[in-house]
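This report concerns only the one structure given below.
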Number of protein chains: 2
Amino acid sequence: MGLTLRQMRYFAALAKERHFGRAAEAAHISQPALSAQILDLEQTLGVRLVERKRNGILLTRDGEEVLQQVSSILEQVERLEGLRRSSSGMLDGLVRIGIIPTVAPYLVPKLVPCLRELSASLGLELKEAVTDRLIIDLQDGKLDAVIAALPVQGDGLETVSLFTDRFFMAIANNAEAVLMSPLTETQVDVDRLLLLEEGHCLREQALSVCGTAGKRSLVNFGATSMTTLLQMVSHDMGMTLIPEMAIPTETARNDIRIVPFADPAPSREIGLIWRRSSGRRDEMKALAEAISGCAPANR
Amino acid sequence: MGLTLRQMRYFAALAKERHFGRAAEAAHISQPALSAQILDLEQTLGVRLVERKRNGILLTRDGEEVLQQVSSILEQVERLEGLRRSSSGMLDGLVRIGIIPTVAPYLVPKLVPCLRELSASLGLELKEAVTDRLIIDLQDGKLDAVIAALPVQGDGLETVSLFTDRFFMAIANNAEAVLMSPLTETQVDVDRLLLLEEGHCLREQALSVCGTAGKRSLVNFGATSMTTLLQMVSHDMGMTLIPEMAIPTETARNDIRIVPFADPAPSREIGLIWRRSSGRRDEMKALAEAISGCAPANR
DNA sequence: TTAGTCCCATAGGAAATTCCGATCGAAAGT
DNA sequence: ACTTTCGATCGGAATTTCCTATGGGACTAA
């Protein structure tokens, strides 16, 4: 076939010992075995590498040249060989996590210090995008895990729940409309419901919660983020569904009123998703544990 | 044992095709064979390299890293493999030749253009030293061939004659001593015989020619070169043996008289010497041919 | 659900490579 | 000539690699 590491290793030994017998001993093989491999190497290279002399050998000029290259190769191989990951504890190296936009701003600030505490040798790389995009990237191997609202569909994915995030309604403090608390879906003025743009799962969830499955001709500004949405709310342009985890951040100003829903309060389930084939099930479970251990405490 | 090129080649194929079946095909082996080698590689490295998915595979981050190294190694190996000397015509590459001091100055000027004409792709590296030194270097592989006066002794050497170089006597034009021409050895005033320093074969040859095998208490200035020697001659400090090939160069000035010996004229045999084990017998024969073809024409 | 498909892993035996011990042959030294 | 040294060669054993056939998981399509 052509050129094996075995041949190179033996050749290197021979070049070092300058003697077939001793080189064979150093390589822990018999002299004929080494002899044959060297012969083979010479043949495949089409070059005489060593000069057989009475007292040992001498490298030909070609041999010297080849030795250079072989040494370099062996060195590199050795470096590669020394790579054996001790497959130490879980959560090592770089982990790339994708997070949906209606979770990221509220979770990330808690998540980062929390995970860094879990493992100092953990590199985080975060990406924010809508669920579909994240799932594609996950399946393409561009991400290691995704944090999104369940359920999520896609081939070869595995999922674990992180926490439940209840929904509330947000309305301007000085709103004309008055909402009873607790709220029932019938009270929602669908025409005044503000939504995120297409693609955000929260948009669909809001529509679902407010029982507007049918009538789809509603005012639809298509905001880009929760923050934008709530800015619109505070200007009394309407009302919007807000996840519990977003409340502390988004309602720091006091011009928004949060109205709870009547039991059973609607909610979304935030989960961690990864490729089943990644074989990192245990790591992911540990990661999920860490996340849910710090996330709900964001009050 | 650990890490073979085979594994790396298969891994590279797999990384390229991202599919075991296709990679196996590309590598001209069966899918299980490839599978096994990849498994082996993963085991020896102690790292999961690929993620097996329903539709093909995905490299893990470790896999990407390993691929980098593997590619580099394979590239280097390929470069090495492409080294196969076409073992083209003889006399290629660099040839290191050692020449004794009483030949070099007169032969080299002819030799260099002559050999360059023989083969354009021939690199010459010349070294001048006394025979013993040259032979040691030859045996150590520091030289490829030696041009010296025969016979030469040393293990594992092979020899071919280049040409015969007759001896003459050189004496000052206005010398007090008068020499009959042709000369017989009895006419030589041994006390006035000038010699090169120890180590030069010409010194011994001169002593031998002049029949001074026994009496060794002669004026012995120990000159470093023929040129020095002849300068001494021209100042009538004595006479010296001069090889025919040195005459044109050394007697350009007209203050030296060259006196031939009576038949049979004494001479030295200049030959080419190389290691039998070099396996370059044919090249050496060709080289010798080239040298003797240009050398005697130095008149 | 059930059958079908895709894809990689495993199993078992065949083929190729590599290895060893014994021996040969060339080159020097005694 | 006799011995020593050292690499090459030989024949068969041990190991590695390979192939075909099959298994088994994960989706898909009835």
Side-chain angles (χ1 to χ4, degrees), chain A residues 1-11 13-15 17-44 48-60 63 139 153-159 274-279 281, chain B residues 1-11 13-15 17-25 27-44 48-60 63 139 153-159 275-279 281:
Chain A
M1 191 238 232
L3 227 41
T4 66
L5 278 184
R6 182 178 260 113
Q7 291 167 354
M8 297 191 208
R9 294 192 170 110
Y10 293 172
F11 176 59
L14 179 59
E17 300 289 345
R18 312 203 148 248
H19 186 284
F20 273 75
R22 287 196 298 279
E25 193 174 353
H28 306 294
I29 54 168
S30 69
Q31 172 265 314
L34 184 131
S35 203
Q37 291 293 333
I38 298 298
L39 246 28
D40 248 39
L41 181 58
E42 289 186 323
Q43 172 145 13
T44 40
R48 177 151 302 273
L49 297 175
V50 300
E51 234 174 69
R52 283 76 166 167
K53 304 206 311 159
R54 171 155 172 62
N55 52 335
I57 63 143
L58 207 54
L59 292 189
T60 63
Q139 289 176 319
Q153 57 188 9
D155 289 355
L157 300 182
E158 225 164 352
T159 285
W274 66 93
R275 293 186 302 282
R276 189 203 324 288
S277 61
S278 75
R281 189 194 189 93
Chain B
M1 190 241 230
L3 228 40
T4 66
L5 278 185
R6 180 178 262 112
Q7 291 167 354
M8 297 191 206
R9 292 198 243 255
Y10 292 172
F11 177 59
L14 179 59
E17 300 289 345
R18 311 202 150 253
H19 186 284
F20 274 74
R22 287 196 297 279
E25 193 173 353
H28 306 294
I29 54 168
S30 68
Q31 171 265 314
L34 184 132
S35 202
Q37 290 293 332
I38 298 298
L39 246 28
D40 247 40
L41 181 58
E42 289 186 321
Q43 173 145 15
T44 39
R48 178 151 302 274
L49 298 174
V50 299
E51 234 175 69
R52 282 78 166 166
K53 303 205 312 161
R54 174 162 165 58
N55 51 337
I57 64 144
L58 209 54
L59 290 189
T60 63
Q139 290 175 320
Q153 57 187 8
D155 290 354
L157 299 182
E158 223 163 354
T159 285
R275 293 185 302 280
R276 187 202 324 289
S277 61
S278 75
R281 188 194 189 91

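Just so we're on the same page: letters track the sequence lines, and every chain starts at 1.
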Can you pull out every side chain to side chain donor-acceptor pair (under 3.5 Å) where at least one residue sits in residues 28-40 of chain B? Sequence neighbours excluded, please. none
Around atom CD of B/Glu25, are there more than 12 heavy atoms of other residues, nucleotides or ligands at under 6.0 Å? no
Spacing between A/Glu51 atom CD and D/dA8 atom P, to the nearest angstrom: 13 Å
Identify, with sequence neighbours excluded, every residue that meets side-chain contact (heavy atoms from CB on, under 4.5 Å) alongside B/Gln139. A/Lys53, B/Ile135, B/Asp155, B/Leu157
Between atom CD in B/Glu25 and atom C1' in D/dT20, what is the gap in whole Å? 16 Å
Toward the 5' end of DNA chain D, which comes first, A/Gly56 or A/Arg6, by nearest nucleotide? A/Gly56
Distance-only polar pair, side chains of B/Glu51 and B/Thr60, donor-acceptor under 3.5 Å: no
Passes side chain to side chain contact (heavy atoms under 4.5 Å, CB included), A/Leu41 versus A/Tyr10? Steps please. CA-CA 10 Å; A/Leu41 181 58; A/Tyr10 293 172; over 6 Å; no
According to side-chain contact (heavy atoms from CB on, under 4.5 Å), who are the partners of A/Thr159, at least two apart in sequence or on a separate chain? A/Leu150, A/Ile273
Note: contacts of residues 33-43 of chain A with DNA chain D (heavy atom, under 4.0 Å) are A/Ser35, A/Leu39
Rounded to the Å, how far apart are A/Asn55 CG and C/dA28 P? 9 Å
Kindly write out the residues that satisfy side-chain contact (heavy atoms from CB on, under 4.5 Å) with B/Arg52, not counting sequence neighbours, or none if the list is empty. B/Phe20, B/Ile38, B/Leu39, B/Glu42, B/Arg48, B/Val50
Atom CG of B/Leu49 to atom P of C/dA9: distance rounded to whole Å? 12 Å
As an exercise, state the distance from CG of B/Leu59 to CZ of B/Arg18, rounded to the nearest 0.5 Å. 4.5 Å
Just the rounded figure in Å: distance from P of C/dT18 to CG of A/Leu5. 12 Å
Give the rounded distance in Å between these two atoms: CZ of A/Arg52 and P of D/dC6. 15 Å
From CD1 of A/Ile29 across to C1' of D/dA14 the rounded distance in Å is 15 Å
Looking only at side-chain atoms of B/His19, point me to the closest of C/dG21, C/dC19, C/dC7. C/dC7
For nucleotides 23-30 of chain D, give me one character per nucleotide, 5' to 3': B if any protein heavy atom sits under 4.0 Å from the base, S if the only such contacts are to the sugar-phosphate, - if neither. ---BSS--
In short, A/Gly63 meets A/Phe11 closest at the heavy-atom pair O-CZ, 3.7 Å
Nearest-Å distance, CZ (A/Phe20) to P (C/dA26)? 17 Å
Both A/Gln31 and B/Gln31 contact DNA chain C. Taking the nearest nucleotide for each, which residue is further toward the 5' end? B/Gln31
Is the phosphate of C/dC19, meaning OP1 or OP2, less than 4.0 Å from a side-chain N or O of A/His28? no
